[in-house]
Amino acid sequence: MNIHHFLLLLGLPATSLIAQGNNPFVFFPQDPERQTITSASYVRRPDWNLQAEGFQELAASWFRGIGDETGTCMVRGFFHWAADENIATAETYGIILRSADPTGVIDPLVSGEILRVSGLTTPTAPGGPRGSFVMNDFFATPVAVPCTQSWFMGIDFPANPAWPTTDGHSLWSADIAGVSPATFGENPRAGSPRANWAVRPIGTFFANGWSNILGVRVDGPTLHVGGLDPTNSRQGLGLPSTQANIALGGLFPDVSGLPRADGLNLRIQDNVATQGLAFVAGSLVFGPIPVPFPGLSGQFHLDLSLTSILGFGTLSGGALDFPLFTPGAISPAFVGISLCFQAAVVDPLTGGAAFTNAQATFL
Amino acid sequence: MHKGIVFAAGAAVVAACLVTVALRRGDGAESVSPVPPSVAAAPAPPAAAAPITVVPITVVPVAAARDPQARDRQLELPDGTFVPTLNGATGALSLGKCWGARPWSPIERIERSDLGIDWYVHADGTRTTTEMKWRDDLRRLDAMTRIAVPQGEPPPLEPRR
């Protein structure tokens, strides 16, 4: 049975979920809403204490349909974990979304700005000097972002000479091994592409070797590919064997056997259908154009002709870790292959259903 | 749902896909800029606390808040009551729609930050506010509803680059 017949047979009613930016789409080794963060290396700014914008890349070859509301992809807010070296004083920042230039790299020009909201501040609180806030910034009017093209989501930091000695705002960060002395952090395969960028005011930009707890708030459920490396101690010790790295470790796992033989799973997250039923599909490529299905919000972003239903599972507390391959199960012969995944989450309480974003993994 | 069955089915289908297409190659790799070398971080001495202004809150009667003229300047809470928006905001999203799955925590007071922004302070320490911010994409000011949840001690500072 192909995905088209399968979804039509579900007979889903044409209901939709409440559209208010229910879920943050964050690219970080762990789920900051439901897991204890043990993979953070440091707090960092994109370019030390200089003015710079820090971005997570959302390449079209990596992700499709983030924020898809059935034909238009919408960002309804922003989420980040703000560290502050002195929480008795407020810090200023901006939210910025950028498009890619025709070559696929970040467009640092004004014309590349999809959204800029400046002059936001953190609150103040007792108990410092150091502290953190989970910042949730919701827009009354959402902003449209590309559904099938590359774009970038980030924070604009003003210069702050007080940072790091006495004060200042920074981001929770997970470093790639070798970037810093940190023993906790990211876990992609050696030599993988970097996905985090800094843009300086003069328009130059460079890649940083880490992931940050930041992301856009979208309506629909989210999906991340997780890399399962049983030798990974960078995510903390004593974790459940199902806890994968859902950032660079899932996007760029090591199945070469030299040295790792990672497994894969998918993490599906939803703050609406927290006990929902997730149907998972896989394909070899994204589709040429996204396809809407009656009764589901969002669109299907995999290639219908190459898609297979992989199974289903029930979310618990707003998340499902869906197993694909145990460590060692993927032959090194498949190095260089890419796979794409997407899910649909059905809410048994309302009958509403929504597609997640789609994501690729590069073996 | 039996995870063993899911795994077996999922693995079998994906494995079949892998075998079928073993010709697809290339991982989307892009050029990577070198990362500057690190040096040790400087220690962070504590800084002096700034004054915080505490203001009593005004709870708006529900009937008054539903007046269309007044509604734009009211913030609906998850418990169905209303309070005035802060910082002159109009048309902000309801806090009930933004609060999320956490248990509702009542507002206790208003604090004004050292940068002059008023925040509602909730019993659990959460700070919430509303503001108008310029949006180039809209070419006008637009309301924001903002929620800051205390998260405790952050990780160490990055090594100096």
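Small disclaimer: the values here were computed from a predicted structure and weren't measured. In what follows, chains carry the letters A, B, and so on, assigned in the order in which the sequence lines appear, proteins first and then strands, with residues in each chain numbered from 1.
When heavy atoms are compared at a cutoff of 4.5 Å, Ser331(A) does not approach chain B at all. Heavy-atom distances place both the backbone and the side chain of Thr121(A) under 4.5 Å from chain B. Proximity to chain A (any heavy atom under 4.5 Å) is restricted, for Arg140(B), to the side chain, taken from C-beta onward. Contacts of Ala101(B) with chain A are absent, with no heavy-atom separation under 4.5 Å from either backbone or side chain. Contacts of Leu138(B) with chain A are made by side-chain atoms alone, with heavy-atom separations under 4.5 Å and no backbone atom involved. When heavy atoms are compared at a cutoff of 4.5 Å, Ile95(A) approaches chain B solely by way of its side chain, counted from C-beta outward. For Thr361(A), no part lies near chain B; criterion is any non-hydrogen pair under 4.5 Å. Contacts between Thr122(A) and chain B at a heavy-atom distance below 4.5 Å involve the backbone alone (N, CA, C, O). With a 4.5 Å cut-off on non-hydrogen atoms, Leu251(A) does not touch chain B at all.
If you tally non-hydrogen atom pairs under 4.5 Å between each of Cys98(B), Ala143(B), Ala92(B) and chain A, the highest count goes to Cys98(B). Counting heavy-atom pairs under 4.5 Å between each of Phe138(A), Phe78(A), Phe133(A), Trp81(A) and chain B puts Phe138(A) at the top.
In the model, Ser283(A) has no side-chain atom that pairs as donor or acceptor with a side-chain atom of Asp303(A) under 3.5 Å. Checking Asp114(B) against Thr124(A) by side-chain atom types alone, no donor-acceptor pair falls below 3.5 Å. The closest side-chain donor-acceptor pair between Thr85(B) and Asn87(B), if any, does not fall under 3.5 angstrom. At a cut-off of 3.5 Å, with distance as the only test, a side-chain donor of Trp172(A) or Ser132(A) sits close to an acceptor on the other residue. Between the side chains of Asn271(A) and Asn22(A), no donor-acceptor pair is found at a separation under 3.5 Å.
When side chains are defined from C-beta on, Thr128(B) does not count as touching Trp119(B), because their heavy atoms never get closer than 4.5 Å.
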Would Arg109(B) and Tyr120(B) count as a side-chain contact (heavy atoms from CB on, under 4.5 Å) if you check the C-alpha gap in whole Å, the side-chain angles of each, and the deciding distance to 0.1 Å?
CA-CA 6 Å; Arg109(B) 62 186 185 278; Tyr120(B) 285 121; over 6 Å; no

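Although no hydrogens or angles enter the test, the distance criterion places no donor-acceptor pair under 3.5 Å between the side chain of Trp163(A) and the main chain of Thr166(A).
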